[in-house]
Amino acid sequence: MVGGIKNSCATPLSVDTNPLTGSVELTLATLPRSEFDMYRGPVDRWTEEYILKTEPLIRKRRDEQREKLGWKDKRSGNEPGWPESIQHKYVSVEHRAV
């Protein structure tokens, strides 16, 4: 995935320091696990029937978790079902790079 950090940052959700290396990891946002649901199924299951039956459930679960964690989708206008990228107040993640 391709991601980007925006110019301003909030108070981190968590801070992990490594005294051996002097490095610090800041968690600025949590990406919902459901964001990857569309990539999980075996390729042979992605039939039209399977998609029509499961896609609404996947979308609903994904949208609920996005809202809870502060994410919004950004669409290019070309693809009706899934976003081009998702945006958080401080971070953006592109789906196309997956």
Side-chain angles (χ1 to χ4, degrees):
M1 273 192 192
V2 176
I5 304 283
K6 298 185 179 181
N7 290 334
S8 61
C9 288
T11 303
L13 299 174
S14 69
V15 177
D16 293 318
T17 57
N18 184 333
L20 297 176
T21 63
S23 64
V24 177
E25 293 182 14
L26 305 176
T27 302
L28 301 177
T30 301
L31 190 63
R33 286 190 179 135
S34 62
E35 197 62 39
F36 304 102
D37 283 353
M38 65 185 189
Y39 303 114
R40 286 190 186 159
V43 176
D44 62 342
R45 277 204 301 176
W46 288 108
T47 63
E48 184 176 349
E49 180 183 350
Y50 177 79
I51 291 170
L52 290 173
K53 189 181 239 184
T54 60
E55 192 269 341
L57 300 172
I58 291 171
R59 183 186 306 271
K60 181 177 186 275
R61 181 174 53 236
R62 181 203 65 193
D63 290 347
E64 288 170 354
Q65 289 183 0
R66 276 188 189 166
E67 184 177 339
K68 179 180 174 184
L69 296 172
W71 291 90
K72 296 180 181 180
D73 64 352
K74 180 180 177 187
R75 297 181 187 276
S76 64
N78 300 359
E79 300 175 31
W82 300 98
E84 182 176 303
S85 65
I86 56 173
Q87 307 286 317
H88 190 272
K89 186 174 182 180
Y90 303 104
V91 180
S92 64
V93 178
E94 295 181 18
H95 268 269
R96 298 179 105 176
V98 173

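Keep in mind the model is a prediction, meaning the values are calculated, not measured. In this chain, numbering begins with 1 at the start of the sequence shown. The figures that follow rest on heavy atoms only: side chains count, while hydrogens, waters and symmetry mates do not.
Screening Gln65, His88, Gln87 for a side-chain contact (heavy atoms from CB on, under 4.5 Å) with Trp71, the sole residue that qualifies is His88.
Residues satisfying the side-chain contact (heavy atoms from CB on, under 4.5 Å) criterion with Val24, sequence neighbours excluded, are Val15, Thr17, Leu26. By the side-chain contact (heavy atoms from CB on, under 4.5 Å) test, Leu20 is found to be paired with Asn18, residues two or more places apart in sequence or in another chain being considered.
Atom CD1 in Ile86 sits 9.0 Å away from atom CZ in Arg62 (nearest 0.5 Å).
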Subject >> Pair Glu64-Lys68, salt bridge (charged side-chain N to carboxylate O under 4.0 Å, His left out): steps then yes or no >> reply: CA-CA 6 Å; Glu64 288 170 354; Lys68 179 180 174 184; over 6 Å; no
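Pro12 and Leu28 get closest at one heavy-atom pair: CA-CD2, 4.3 Å. For the residue pair Leu13 and Thr30, the shortest heavy atom distance occurs at CD1-OG1, 3.7 Å.
For the pair Arg66 and Asp63, the minimum side-chain heavy-atom distance is below 4.5 Å.
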